[in-house]
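Written out below as structure tokens is the structure these notes cover.
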Amino acid sequence: MSAATAKHPFGTAAVAGLGLAILFVLSLFVGVGDMPLGRLLSDGDALELLLVSRLPRTLAAILAGAGLAIAGLIMQTLARNRYVEPSTAGTAQSAELGILLATLLWPSASLALKSLAAGAAALLGTSVFLMTAHRLPPTQPFLVPLFGLVYGGVIGAAVTFIGWQADLLQYLAVWTNGDFSGVLRGRYELLWIGALMVAVAWFIADRLTIMTLGRDASIGLGIDYARMMQLGLLIVSIISALGVVVVGMIPFVGLVVPNIVSRLMGDNLRGTLPVVAASGVALVLGCDILGRLLRYPYEIPVGTVMGVVGGLIFLWLLFRRPAHA
């Protein structure tokens, strides 16, 4: 933790809270539809727009941002590698495959059942990734993300091929690029399950921190390594699957946010989890608002904006040397 942060923790928290509050309000009132603040309670159309569209969209961005950032942090903990996240480890692509198969086999399946299929596929795909990643030489840390990119690319190619054969390529675009424009009341509530998974991650944060020491050290300190690995996989898979089903794939959130927070605060997950979640919320909300403003009155999907912003942040993280060892 930096000296300034250590000396003024309450001031930093207040500034961060104020920033999140500003982003929350901007997300509610930035858009094509006219929603005057002075006539919000007296104008039925404006109030309906707020309750049906703007508020659900903002809540979806908050839940997705916090969930994806925490999922990335847990994924990096389980893989013991800073350069992986669900979208670069085959998790999100496996979730897409699960949704596609559920759509083909049961076209009338509800969103909840598709989420269940996506979660199961994501769990299987992530398990295969971690089993292979742990066999790679630890002295070559960049092999893990390279394998993840290839692995995710193969699964994504299979999804595209199946979608092309079934004439569902346009349908696939809904999942491959994150977009909050279609989020309405009644179509985002599954993301609250992701919030529950974040709470579970907070509950087991100390054990996850110990797991960063490795399997042998964790077992020696009394941690049920296999059980915690399974629970971590379950958390990552559920959060990733729900995100893909509800809003589509949003890259880089789980990659850059945990890396920035760990550089500032270290690797104690009990202390960093709230900061990671809040930073993920700020990043996703900010990119969503930016996407609404860049081509106003048209929108750029948040997945596209995040791809550019997150890529630039990741390059900065790669080339910026830490100030101290």
Show your working on side-chain contact (heavy atoms from CB on, under 4.5 Å) between Thr88 and Glu85 and close with a plain yes or no. CA-CA 5 Å; Thr88 60; Glu85 67 149 349; 3.5 Å; yes
- Passes side-chain hydrogen bond (donor to acceptor under 3.5 Å, both in side chains), Ser240 versus Thr91? Steps please. CA-CA 7 Å; Ser240 303; Thr91 305; 5.2 Å; no
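- A heavy-atom distance below 4.5 Å is found between the side chains of Arg54 and Leu49.
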### side-chain contact (heavy atoms from CB on, under 4.5 Å) between Met249 and Asn177, worked out
CA-CA 5 Å; Met249 189 187 301; Asn177 196 14; over 6 Å; no
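- A donor atom on one side chain and an acceptor atom on the other are not found under 3.5 Å apart for Thr212 and Thr77.
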*Go through the steps for Gln93 and Val154 under the test side-chain contact (heavy atoms from CB on, under 4.5 Å), then give the verdict.*
CA-CA 9 Å; Gln93 292 83 356; Val154 170; over 6 Å; no
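- Surrounding CZ of Arg270 are more than 12 heavy atoms belonging to other residues, nucleotides or ligands, all under 6.0 Å away.
- Side-chain contact between Leu184 and Pro56 is absent, with no heavy atoms from C-beta onward closer than 4.5 Å.
- Side-chain contact between Val236 and Pro86 is present, with heavy atoms from C-beta onward closer than 4.5 Å.
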### Message
Using side-chain contact (heavy atoms from CB on, under 4.5 Å), reason through Asp267 and Thr272 one step at a time and then give a plain yes or no.
### Response
CA-CA 7 Å; Asp267 296 325; Thr272 60; over 6 Å; no
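- Here Leu123 contributes atom CG and Ser127 contributes atom OG; the two are 4.5 Å apart, rounded to the nearest 0.5 Å.
- Residues Leu233 and Ile74 fail the side-chain proximity criterion, which asks for heavy atoms closer than 4.5 Å.
- Note: Ile289 CD1 to Phe24 CZ = 10.5 Å, rounded to the nearest 0.5 Å.
- Nearest heavy-atom pair across Ala122 and Ser94 is CA-CB, 3.8 Å.
- Using a 30° and 60° split on the angle between ring planes, Tyr151 and Phe147 fall in the parallel class, below 30°.
- Annotation: the span from Met75 atom CE to Ile239 atom CD1 amounts to 10.5 Å, rounded to 0.5 Å.
- Within the 4.5 Å cutoff, the side chain of Phe29 has no heavy atoms near those of the Leu50 side chain.
- Note: the hydrophobic cluster containing Ile204 also contains Leu221 (ILVMFWY, side chain heavy atoms under 4.5 Å, direct or indirect links).
- In this structure, the separation between CG on Leu28 and CG on Leu26 is 9.0 Å, given to the nearest 0.5 Å.
- Note on Leu196: it clusters hydrophobically with Leu234, by side-chain heavy-atom contacts below 4.5 Å among ILVMFWY residues.
- In this structure the side chain of Val257 never reaches within 4.5 angstrom of the side chain of Leu73, judged on heavy atoms.
- Defined by atom type and a distance below 3.5 Å, a donor-acceptor pair is missing between the side-chain atoms of Ser53 and Arg185.
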Walk me through whether Ser218 and Arg207 qualify under side-chain hydrogen bond (donor to acceptor under 3.5 Å, both in side chains).
CA-CA 8 Å; Ser218 300; Arg207 299 172 193 176; over 6 Å; no
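- From Thr58, atom OG1 reaches atom CG of Asp288 across 7.5 Å, with rounding to the nearest 0.5 Å.
- Pairing each heavy atom of Leu269 with each of Ala205, the nearest pair is CB-O, 3.8 Å.
- Side-chain contact check for Ser279 versus Val261: some heavy-atom pair is nearer than 4.5 Å.
- Residues Ile300 and Leu290 fail the side-chain proximity criterion, which asks for heavy atoms closer than 4.5 Å.
- Across every non-hydrogen atom of Arg187 and Val246, the tightest pair is O-CG1, 3.4 Å.
- Using bins of under 30°, 30° to 60° and over 60° for the plane-to-plane angle, the ring pair Phe314/Phe252 lands in the tilted bin.
- Note that CG of Leu242 is 5.5 Å distant from OG of Ser115, once rounded to the nearest 0.5 Å.
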